[in-house]
2 protein chains.
Amino acid sequence: MERTQGSAETGEVDPAEAFAADVFSRACTSRGALEHVTGKWSLLALTALLDAPHRFGELRRRVDGVSEKMLSQSLQGLERDGWVHREVRSSIPPHVEYRLTPAGAELAPRLLALVTFVEDHMPEVHRAREDHDSRS
Amino acid sequence: MERTQGSAETGEVDPAEAFAADVFSRACTSRGALEHVTGKWSLLALTALLDAPHRFGELRRRVDGVSEKMLSQSLQGLERDGWVHREVRSSIPPHVEYRLTPAGAELAPRLLALVTFVEDHMPEVHRAREDHDSRS
DNA sequence: CAGTATCCTAAGAGATACTG
DNA sequence: CAGTATCTCTTAGGATACTG
């Protein structure tokens, strides 16, 4: 376990494995990063930040159903991976603003596109489900 | 709980809620469909099917680290939502092929683009993490 | 080969209460 | 306001064994 990738024996990277070597490899770090980004709440938080920076409470209200714990956890993960910037204004009451980093600003539109795509295809999805369930 | 969305009291859908009514709404079915698609193993299975149809065992080997149970479960979900088609050739030994449906063929490239984007940004992600962890 | 069935552990996730 | 802490419950997920 914990092998990096490719053929460790030869020290060479088989060109044919170049594709498979990344996300498809269990040890690849990009798989973890991808999961952080595509996580249930992270994905919604990122798209929610697309139009403008938002405060914690705003995000909490906007991402309907998220608990404080999960939102906090997701935002911390996104901040750690460099997709979101957290800015604290020390004041009373405290004011914390979350905004997309340049990298996050590139990522979020892709996520939104994905969201939109799935939304647009929901009629098909529902038809497929009914069709599938009726056969079972 | 289980309220549909918008303002159930008036029976009208506030235009201002039109945006929030979708994925950001807890009850929206697109949120569930989105999660199915962006799930850890589902996402990898879909992109693995992008080049050509594959058999169960091929997918299992290709998506490194997935268990039979999880792959089976993910494929069933994708089939139910109409992204993947499952074709059984009754023979001995059995031969089952998974291929993208037309809808799946539209979806998968978007997922691949997301995967590629994250892969390409891994150096930035790693730098962000080190930077973040050193401050803590 | 292509799964299902079973068992078990770890992680996800909600609710509530509390703090700087 | 913006979280953290804690507790509990559910689901995800892995391992192994078995079947059409």
Side-chain angles (χ1 to χ4, degrees), chain A residues 1-2 25-27 31-45 48-49 53-80 84-99 132 135-136, chain B residues 1-3 24-27 31-45 48-49 53-80 84-99 132 135-136:
Chain A
M1 220 140 277
E2 266 312 298
S25 168
R26 130 179 35 203
R31 193 185 275 189
L34 189 64
E35 284 164 36
H36 291 165
V37 156
T38 57
K40 184 178 180 179
W41 302 121
S42 300
L43 193 154
L44 292 174
L49 287 172
H54 288 292
R55 302 177 62 174
F56 187 85
E58 291 172 343
L59 287 172
R60 174 140 170 57
R61 279 185 295 277
R62 191 151 186 197
V63 181
D64 186 29
V66 70
S67 66
E68 293 180 347
K69 177 188 157 189
M70 282 299 110
L71 181 56
S72 170
Q73 209 168 92
S74 300
L75 288 171
Q76 279 174 26
L78 293 174
E79 192 199 357
R80 193 173 106 94
V84 162
H85 177 70
R86 178 175 180 269
E87 186 180 355
V88 187
R89 296 183 200 276
S90 297
S91 59
I92 297 175
H95 184 105
V96 180
E97 222 176 54
Y98 293 90
R99 69 178 68 246
H132 182 266
R135 291 179 201 288
S136 76
Chain B
M1 222 140 274
E2 268 313 298
R3 66 186 164 84
F24 288 122
S25 169
R26 128 176 40 199
R31 192 185 275 189
L34 190 63
E35 283 164 36
H36 291 166
V37 156
T38 57
K40 184 179 181 179
W41 303 120
S42 300
L43 192 153
L44 291 175
L49 287 172
H54 288 292
R55 301 178 62 175
F56 186 86
E58 290 172 344
L59 287 171
R60 175 140 170 56
R61 279 185 295 278
R62 192 152 185 198
V63 181
D64 188 28
V66 71
S67 67
E68 292 181 347
K69 177 187 159 189
M70 281 301 110
L71 181 57
S72 171
Q73 208 169 94
S74 300
L75 288 171
Q76 279 174 25
L78 294 174
E79 192 199 357
R80 193 172 109 92
V84 163
H85 177 70
R86 178 175 180 267
E87 187 180 354
V88 187
R89 295 182 200 278
S90 297
S91 60
I92 297 175
H95 184 105
V96 180
E97 222 174 56
Y98 293 90
R99 70 177 69 244
H132 181 266
R135 289 178 203 290
S136 76

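No hydrogens, no waters, no symmetry mates; every other heavy atom, side chains included, goes into these values. Keep in mind that what you see is a predicted model, and the values were worked out from it rather than measured.
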Checklist outcome for this item: Rounded to whole Å, the CG-P distance (A:L44 to C:dG12) equals 17 Å
Checklist entry - Contact class for B:R55 vs. all strands (heavy atom < 4.0 Å): base, sugar-phosphate, or nothing? => result sugar-phosphate
Item to check | Bracket string, DNA chain D, 5' to 3' - pairs by Watson-Crick or G-U geometry under 3.5 Å, | interstrand | outcome: ||||||||||||||||||||
Checklist outcome for this item: Separation of C:dT19 atom P from A:I92 atom CD1, nearest Å, is 17 Å
Next on the checklist: Is it the case that the side chain of B:R99 and the backbone of B:L49 share a donor-acceptor pair, with hydrogens and angles ignored and the cut-off at 3.5 Å?
Outcome noted: no
Checklist entry - With distance as the sole test, does B:T38 use its side chain to make a donor-acceptor pair with the main-chain N or O of B:L34 at under 3.5 Å? => result yes
Checklist outcome for this item: Rounded to the nearest 0.5 Å, the CZ atom of B:R80 sits from the NE2 atom of A:H132 at a distance of 7.5 Å
Next on the checklist: Distance check needed: C:dA2 C1' versus B:L75 CG, whole Å only.
Outcome noted: 11 Å
Checklist entry - How close or far is atom P of C:dA15 from atom CZ of B:R26, stated in whole angstroms? => result 8 Å
Checklist entry - Using a cut-off of 4.0 Å on non-hydrogen atoms, how would the nucleic acid contact of B:R86 be classed: base, sugar-phosphate, or nothing? => result sugar-phosphate
Item to check | Any B:Y98 side-chain N or O less than 4.0 Å from OP1/OP2 of C:dG3 | outcome: yes
Checklist entry - Nearest-Å distance, CZ (A:R31) to P (D:dG13)? => result 11 Å
Item to check | Most 5' of A:R60 and A:K40 on DNA chain C, judged by nearest nucleotide | outcome: A:K40
Item to check | Atom-to-atom span, CD of A:E87 to C1' of D:dA2 - whole angstrom | outcome: 15 Å
Checklist outcome for this item: In whole angstroms, the gap separating P of C:dA11 from CE of B:M70 amounts to 15 Å
Item to check | Side-chain (A:D64) to main-chain (B:R26) donor-acceptor, under 3.5 angstrom | outcome: yes
Checklist entry - Would B:Y98 and B:L78 satisfy side-chain contact (heavy atoms from CB on, under 4.5 Å), going step by step from the backbone distance to the final call? => result CA-CA 10 Å; B:Y98 293 90; B:L78 294 174; over 6 Å; no
Next on the checklist: Nearest 0.5 Å, please: how far is CZ in B:F56 from NE2 in B:H95?
Outcome noted: 14.0 Å
Listing time: all N or O pairs from protein to nucleotides 4-6 of chain D that are below 3.5 Å?
residue : atom : partner : partner atom : Å
D:dT4   : OP1  : A:Q76   : NE2          : 3.0
D:dT4   : OP2  : A:S72   : OG           : 2.5
D:dT4   : OP2  : A:Q76   : NE2          : 3.3
D:dT4   : O4   : A:E68   : OE1          : 3.3

Checklist entry - Which residues satisfy the salt bridge (Lys or Arg N to Asp or Glu O under 4.0 Å) test with B:R31, sequence neighbours excluded? => result none
Item to check | Rounded distance (nearest 0.5 Å) linking atom CD of B:E79 with atom NE2 of B:H85 | outcome: 8.0 Å
Checklist entry - Quick check: does any side chain N or O of B:S74 sit under 3.5 Å from a backbone N or O of B:M70, one acting as donor and the other as acceptor? => result yes
Checklist outcome for this item: When rounded to whole Å, the CD to P distance for the pair B:E79 and C:dA2 reads 15 Å
